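Each remark here refers to the structure printed beneath this line.
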Amino acid sequence: MSKKILFQILSCLIISISSIHVLAQSTQRERLSLDKGWLFHQGGIPFPIIRGQGQTYATSKAGSATGAAAPNYDDNKWPRLNLPHDWAVEMPFDSKENVAQGYRKRGYGWYRRSFKLSPDDRGKYIELQFDGIATNATIWFNGSVVHRSWSGYTSSYIDITQLAKYGDDVNIVAVKVDAEAHEGWWYEGAGIYRHTWLVKCAPVHIVTDGVFANPVKMDENSWLIPAEITLENSGTATADATIEFTLYDKKGNKVAQAQTKASVSPLQQSTASIQLPVQKPVLWTLENPELYYAKTTILQKDAVVDEVITKCGFRTIAFTADSGFYLNGKHVKIKGVCNHQDHAGVGVAVPDALWEFRLRKLKEMGVNAYRCAHHAPAAEFLEACDSLGILVIDENRNFNVSPEYIRQLEWMVRRDRNHPSIILWSVFNEEPMQGTEQGYEMVRKMGAVVKALDTTRPVTAAMNGGLFAPVNVSKAVDVVGFNYQMQSYDRFHKENPAMKMTSSEDVSAFEVRGEYVTDRSRHIMSSYDKENAIWGSTHRAGWKAVAERQFLAGCFVWTGFDYRGEPTPFTWPSASSFFGIMDLCGFPKTAYWIHQAQWREDINVLQLVPHWTWPRDSIGKNIRVMALSNADSVKILLNGKMIGGQKVDQYEMNTFQIPYQPGKLEAIGYKKGKEVSRFKTETTGAPVALQLIADRKTLANDGHDAMPITVQALDSKGRAVPTANIPVEFEISGGGKIIGLGNGNPNSHEAEKGNKEVYSMDWHK
Ligand code: GAL
């Protein structure tokens with residue numbers, strides 16, 4: 001394995017666990033985080049066997065759940081924890097477990113939590129929200145089953161108004177998690193891994209995800225927000241309300257306002273429309289992702305009873321059949337990556353701040369688009385894409401048109417349709433029925449479900465076959481997604497010149513960070529962009545095929561980051577993927593600089609690989625050096641002596657064979673004959689010190705914020721030693737908490753949660 005010692009600690013400050021933390025509060029609406037103070041039991045808990053007539057009768061009634069679902073169940077000894085939580089990432093690697101899930105035991109688990117409601121809350125509408133539980137879950141509230149969740153990627157919004165208790169009476173939530181079930185062929189984690197909320201509103205309130213505020217362009221300077229607002233009334237009498245819809249810019253200046261009236265019968269919903277014209281807004285672009293804030297205010301007799309803020313952005317999107325994708329009328333070649341959602345140290349329980357970190361790394365590389373493979377992401381992820389200016393394919397998980405799965409698809413579109421970042425709805429990934437009449441009909445139906453909620457974005461499906469079958473899914477979508485179909489791009493375009501096309505997945509190449517010799521017996525893949533899955537290609541070939549075809553909107557490389565599970569082409573002891581452009585921690589592999597050189601036009605990119613710290617017996621032997629650059633030409637110098645120069649090949653990049661001599665290897669990049677970039681790498685000495693590099697200067701002391709800290713070994717001259725391989729122990733004092741550790745090595749079995757007090761990772765094991 002690599003001799004690098006770039007570790008990453010995710011450090012998170014915690015504050016004392018108070019009851020419930022108020023995150024936002026309008027006149028009556030409260031959205032309270034329920035993330036703190038859950039009790040957890042790992043493993044199944046059998047329900048008591050019920051036999052007698054009387055007992056059977058009694059336990060069949062509302063509020064009479066038994067076993068660990070019962071309100072009075074003794075959970076005293078259960079450990080307390082805060083969400084987000086993924087118990088699978090705490091499990092040891094085990095060859096008997098499922099390779100696809102990263103050789104981690106998942107199984108069953110239980111969570112319980114209590115909370116009190118003030119007598120003042122009586123009469124309010126009360127909702128429990130779970131943003132994501134892996135994988136299936138049953139939820140009880142005060143002894144009644146209130147929800148069954150059939151997907152780890154769909155949120156659960158549960159109306160508990162009628163069952164809630166007030167004052168000294170304690171409310172009990174019990175959740176049984178079935179993570180034996182799987183929905184994907186990648187690591188899915190286990191447990192309540194996204195946020196949980198308690199929402200309190202006035203009886204007349206906006207339903208969750210009940211504001212649709214997606215601006216559409218009317219003519220050159222005029223835009224319209226055709227807003228739709230869904231109200232609900234949990235009260236006892238018909239309510240008349242005024243809905244005020246106000247748009248603010250990012251500085252809080254009022255931009256436009258409109259209002260309408262609505263009437264909602266008791267225990268009914270009602271949807272109102274408001275047309276809000278907006279003149280000359282600042283556009284949402286990739287370079288300047290300007291966001292606006294739409295405030296929906298509900299008034300009854302002039303008193304504000306509810307208020308919701310919805311972010312939105314002004315932009316147009318268009319896919320064309322001959323020249324790809326346009327954002328605001330400007331051609332944009334999509335330079336995308338696919339990703340799963342787990343990260344080093346934390347599994348799928350990703351702190352919100354890490355989304356920003358991961359997206360920032362991708363954007364630095366030149367990525368402008370992200371495909372959520374193969375399911376809807378966390379809401380906080382989409383917020384980050386909106387504010388960083390990254391385009392998104394939002395993808396549905398289950399290809400199924402039965403009522404429950406249609407409900408899941410509708411949930412995704414309803415929750416996400418205000419995000420300017422989203423440019424495509426994907427209804428599936430590589431479904432075997434894609435070339436059949438049944439597949440076509442299913443996609444036709446799912447497309448209609450999406451269009452009933454959002455006509456502004458095209459529907460796609462990621463196809464890896466069936467494209468030329470007489471009846472196939474390509475005919476039921478707006479944009480055809482191609483997974484690993486390089487050989488079919490031209491034929492399909494020729495036979496279907498009016499169809500819009502994008503690669504939805506490509507490449508699937510293998511690299512291990514810091515390794516430059518492939519040794520399959522040790523599960524090592526070299527980082528020269530030479531190895532790839534048989535269905536895929538190298539990074540360079542994948543991009544060339546897309547870049548040279550104007551009719552293709554762009555690419556989505558599999559994958560931006562490594563992820564647990566799917567260690568193709570290997571199995572045990574490899575436990576995570578080799579596909580990432582970056583490893584599990586977000587450390588770049590060679591592919592990172594290849595893409596950066598090919599994708600970033602705004603900076604001069606120049607990087608040499610490999611490092612220049614080789615054993616003495618390498619002296620005189622040729623080392624294959626790759627120069628990754630967007631200059632016109634590059635020159636290489638070793639210890640000040642010119643070794644060679646080449647015209648830059650923007651697709652293949654440049655390779656030199658250089659006889660190894662310790663010292664300084666340098667590259668100089670030229671554009672139009674002028675030096676524009678320089679890069680150097682030096683032979684280092686032995687490691688003598690460790691350096692910790694924090695990703696940010698400050699961490700919010702709010703119990704939620706987190707950041708990665710990189711650890712690297714330095715030689716006596718303060719240079720990072722690329723071949724250092726030493727065990728490191730971590731300890732933290734003060735208010736912070738280490739929430740996970742990683743080294744990005746797909747073959748490592750070290751504990752990602754360390755060992756309680758002292759966190760240690762040893763690459764030698
Ligand atoms: C694709 C699939 C991905 C992943 C990838 C690995 O076919 O869509 O989820 O499995 O292969 O190469």
Side-chain angles (χ1 to χ4, degrees), residues 98-103 134-135 151-153 182-189 336-342 348 369-377 393-399 424 426-435 439 443 460-467 473-474 477 480-489 502-512 520 523 525 529-543 545-546 554-571 574-584 589 591 746:
N98 186 351
V99 50
Q101 299 280 344
Y103 291 114
T135 284
S151 174
Y153 307 104
H182 74 268
E183 291 178 282
W185 49 97
W186 56 88
Y187 177 84
E188 298 186 281
V337 284
C338 303
N339 278 297
H340 287 315
Q341 57 177 350
D342 58 310
V348 294
Y370 187 112
R371 172 168 172 239
C372 304
H374 303 295
H375 56 77
I393 300 184
D394 201 351
E395 190 158 280
N396 172 59
R397 172 72 297 267
N398 293 293
F399 187 47
L424 278 170
S426 168
V427 293
F428 76 55
N429 175 67
E430 298 183 351
E431 286 291 337
M433 283 159 85
Q434 59 205 347
V443 170
T460 189
M463 299 179 70
N464 68 334
L467 285 151
V473 162
S474 71
V477 292
V480 189
F482 285 70
N483 278 21
Y484 309 98
Q485 300 302 302
M486 261 162 85
Q487 72 290 350
S488 303
Y489 292 158
T502 185
S503 160
S504 33
E505 198 175 310
D506 42 70
V507 176
S508 272
F510 309 123
E511 284 183 13
V512 174
R520 287 183 182 241
H523 295 196
M525 291 296 196
D529 192 31
K530 290 205 299 195
E531 314 283 352
N532 56 264
I534 44 172
W535 52 90
S537 69
T538 62
H539 288 273
R540 291 166 294 166
W543 172 242
V546 171
C555 71
F556 284 90
V557 177
W558 190 266
T559 46
F561 295 93
D562 275 332
Y563 53 94
R564 293 169 182 73
E566 206 167 36
T568 306
F570 306 115
T571 56
S574 300
S576 59
S577 79
F578 292 71
F579 295 121
I581 296 171
M582 288 177 263
D583 70 14
L584 269 179
K589 305 181 192 173

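In each ligand, atom 1 is the first atom listed, and ligand 1 is the first ligand listed. A quick note: this is a predicted structure, and the numbers were derived from the prediction, not measured.
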### Task
If the plane angle is over 60° it's perpendicular, under 30° parallel, otherwise tilted; pick one for Phe579 and Tyr563.
parallel

### Query
With a 6.0 Å cut-off on ring centres, are His340 and Trp558 close enough?
yes

### Task
Sort out the contact shell of ligand 1: every protein residue with a heavy-atom distance below 4.0 Å, listed by chain and number.
Trp185, His374, Asn429, Glu430, Asn483, Tyr484, Glu505, Ser508, Trp535, Trp558, Glu566, Phe579

### Task
Output all residues satisfying ring pair (Phe, Tyr, Trp, His ring centres under 6.0 Å) with Phe561, sequence neighbours left out; order by chain, then residue number.
none

### Task
For residues Met525 and Pro569, determine if any side-chain heavy atom of one lies less than 4.5 Å from a side-chain heavy atom of the other.
yes

### With sequence neighbours excluded, residues passing side chain to side chain contact (heavy atoms under 4.5 Å, CB included) with Ala545
Met486, Tyr489, Arg549

### Partner residues of Asp342 under the salt bridge (charged side-chain N to carboxylate O under 4.0 Å, His left out) criterion, sequence neighbours left out
Arg564

